[in-house]
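Quantities reported herein were computed from a predicted structural model and do not represent experimental measurements.
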Amino acid sequence: MPAKPIMNKKQRAIAPAPTKKKASTSKGKPPSKLYRLFVRTFQFILISFALLVSWVVFIQWKVQLGPNQPSLPKQVDVGIVLGASLRNDIPSPGLQERLDLALELYKQGRFKQLIVSGGLDHNGSKLTEAEGMRDYLVKNGLPKSSILIEPKATSTYENLLFSKQIMDEKSLVSAIIITHKFHSSRSLDIAETIGFKDPLVSGAESDVLFMPYHDTRETLAYTNWYLTKLQLKLGLK
């Protein structure tokens with residue numbers, strides 16, 4: 001067995017210290033499939049939420065701003081009142097606001113004929129919306145002969161589509177559509193899409209409706225209309 005070399009103190013002081021082996025550093029593990037799925041799902045939810053908020057803001061901007069149109073002419077061929085619910089076969093307070101606006105425009109001489117449009121409510125009503133509106137107008141002084149009834153419509157699209165069919169049958173061309181202000185922009189867009197000639201909308205301000213509910217409902221209805229409009233353009237409806 002070889003003898004270990006004898007080292008004096010000086011040699012031991014300058015002798016290099018034994019080097020420690022560096023701990024082997026392993027590379028970080030790649031993210032798991034579950035983690036990557038979580039990140040992608042979160043990104044999708046975030047983008048979807050941002051798009052949804054943008055869409056709601058866009059629709060509410062259109063609803064609150066209302067349609068950009070000229071002032072009402074002195075006279076048109078016909079006024080069209082868009083229906084809303086009856087209560088015990090009597091127009092609801094909101095619908096009465098539309099009818100009161102129609103009465104005011106009639107007295108101003110804006111039109112000599114009215115179309116009242118609306119089908120049967122599923123709330124136990126025995127009269128259609130159109131019949132209930134006619135009775136209210138007659139009770140408030142309009143001649144029954146001046147009122148045309150459209151009793152089948154169940155949506156704003158049908159209100160205007162079926163009313164236009166009556167206009168075509170009666171050779172009526174120009175119209176003022178009567179509704180609420182929050183409903184005006186969509187109503188005008190529908191009228192233009194289905195072929196009304198230079199339609200105009202007169203919208204009533206409401207003192208009786210709970211507007212947060214109706215603004216939210218209008219956002220959903222406007223979205224549904226854009227889908228219907230796309231189907232019409234593609235010839236699917």
Under 3.5 Å, side-chain donor or acceptor atoms of residues 191-206 against the rest of the protein: list the pairs with distances, not counting sequence neighbours.
{"residue": "Thr193", "atom": "OG1", "partner": "Asp189", "partner atom": "O", "Å": "2.7"}
{"residue": "Glu205", "atom": "OE2", "partner": "Lys181", "partner atom": "NZ", "Å": "3.3"}
{"residue": "Ser206", "atom": "OG", "partner": "Glu97", "partner atom": "OE1", "Å": "2.7"}
{"residue": "Ser206", "atom": "OG", "partner": "Val208", "partner atom": "N", "Å": "3.2"}
{"residue": "Ser206", "atom": "OG", "partner": "Leu209", "partner atom": "N", "Å": "3.0"}

Following the transitive rule for hydrophobic clusters with a side-chain heavy-atom cut-off under 4.5 Å over Ile, Leu, Val, Met, Phe, Trp and Tyr, establish whether [X] and [Y] coincide in one cluster.
X	Y	value
Leu65	Phe182	yes
Trp61	Ile59	yes
Ile47	Val56	no
Leu95	Met211	no
Ile190	Ile80	yes

Would you call the rings of Tyr35 and Phe38 parallel, tilted or perpendicular, where under 30° means parallel and over 60° means perpendicular?
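Because their plane-to-plane angle lies in the 30° to 60° range, the rings of Tyr35 and Phe38 count as tilted.
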Residue pair [X] / [Y], side-chain heavy-atom distance below 4.5 Å:
X	Y	value
Leu86	Ser92	no
Phe111	Ile178	yes
Val81	Leu99	yes
Leu148	Val116	no

Partner residues of His183 under the ring-ring contact (aromatic ring centres under 6.0 Å, His included) criterion, sequence neighbours left out
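So His183 forms no ring-ring contact (aromatic ring centres under 6.0 Å, His included) with any residue.
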With sequence neighbours excluded, residues passing ring-ring contact (aromatic ring centres under 6.0 Å, His included) with Tyr226
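By the ring-ring contact (aromatic ring centres under 6.0 Å, His included) rule, Tyr226 matches Trp55, Tyr222.
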More than 12 heavy atoms of other residues, nucleotides or ligands under 6.0 Å from CZ of Arg217: is that the case?
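No - once you tally the heavy atoms of other residues, nucleotides and ligands closer than 6.0 Å, there are 12 at most.
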Greater than 12 external heavy atoms within 6.0 Å of Asn68's CG
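No, because the 6.0 Å sphere around CG of Asn68 holds 12 heavy atoms or fewer from other groups.
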Who else is in the cluster with Val173 when I, L, V, M, F, W and Y are joined by side-chain contacts under 4.5 Å?
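Reading the cluster by chain and number, Val173 sits alone, since nothing else belongs.
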Kindly give the cluster partners of Val53, where membership spreads through any ILVMFWY side chain lying under 4.5 Å from a current member.
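Val53 clusters with Phe49, Val57.
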Can you see which heavy atom on [X] is nearest to which on [Y], and at what distance?
X	Y	result
Leu188	Pro67	CD2-CB, 3.3 Å
Glu158	Lys152	OE1-O, 4.1 Å
Leu120	Leu127	CD1-O, 3.3 Å
Pro73	Arg110	O-NH1, 2.7 Å
Ile149	Pro151	O-CD, 3.7 Å
Gln96	Pro91	NE2-O, 2.9 Å

Using a 3.5 Å cut-off and no angle test, enumerate the donor-acceptor pairs between side-chain atoms of residues 159-168 and protein atoms at least two apart in sequence or in another chain.
{"residue": "Asn159", "atom": "ND2", "partner": "Ser117", "partner atom": "O", "Å": "3.3"}
{"residue": "Asn159", "atom": "ND2", "partner": "Ser117", "partner atom": "OG", "Å": "2.8"}
{"residue": "Ser163", "atom": "OG", "partner": "Asn159", "partner atom": "O", "Å": "2.6"}
{"residue": "Lys164", "atom": "NZ", "partner": "Asp168", "partner atom": "OD1", "Å": "3.4"}
{"residue": "Lys164", "atom": "NZ", "partner": "Asp168", "partner atom": "OD2", "Å": "3.2"}

Value rounded to 0.5 Å, distance of CD1 in Ile115 from OG in Ser146:
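Atom-to-atom, Ile115:CD1 and Ser146:OG are 11.5 Å apart.
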Taking atom CG of Asp121 and atom CZ of Arg87, what is their separation to the nearest 0.5 Å?
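Between Asp121 CG and Arg87 CZ, I get 11.0 Å after rounding to 0.5 Å.
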Tell me yes or no: between the side chains of Tyr106 and Asn140, is some donor less than 3.5 Å from an acceptor?
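The criterion, which ignores hydrogens and geometry beyond distance, is not satisfied for Asn140 and Tyr106.
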Distance-only side-chain donor-acceptor flag, Ser85 / Glu129, under 3.5 Å:
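No, no side-chain donor-acceptor pair sits under 3.5 Å.
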Quick one, Thr128 with Glu131, criterion side-chain contact (heavy atoms from CB on, under 4.5 Å). Give me CA distance, side-chain angles, the key distance, then yes/no.
CA-CA 5 Å; Thr128 63; Glu131 291 169 327; 3.2 Å; yes
Do the side chains of Glu218 and Arg186 get close enough for a salt bridge, i.e. N-O under 4.0 angstrom?
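Salt bridge: yes.
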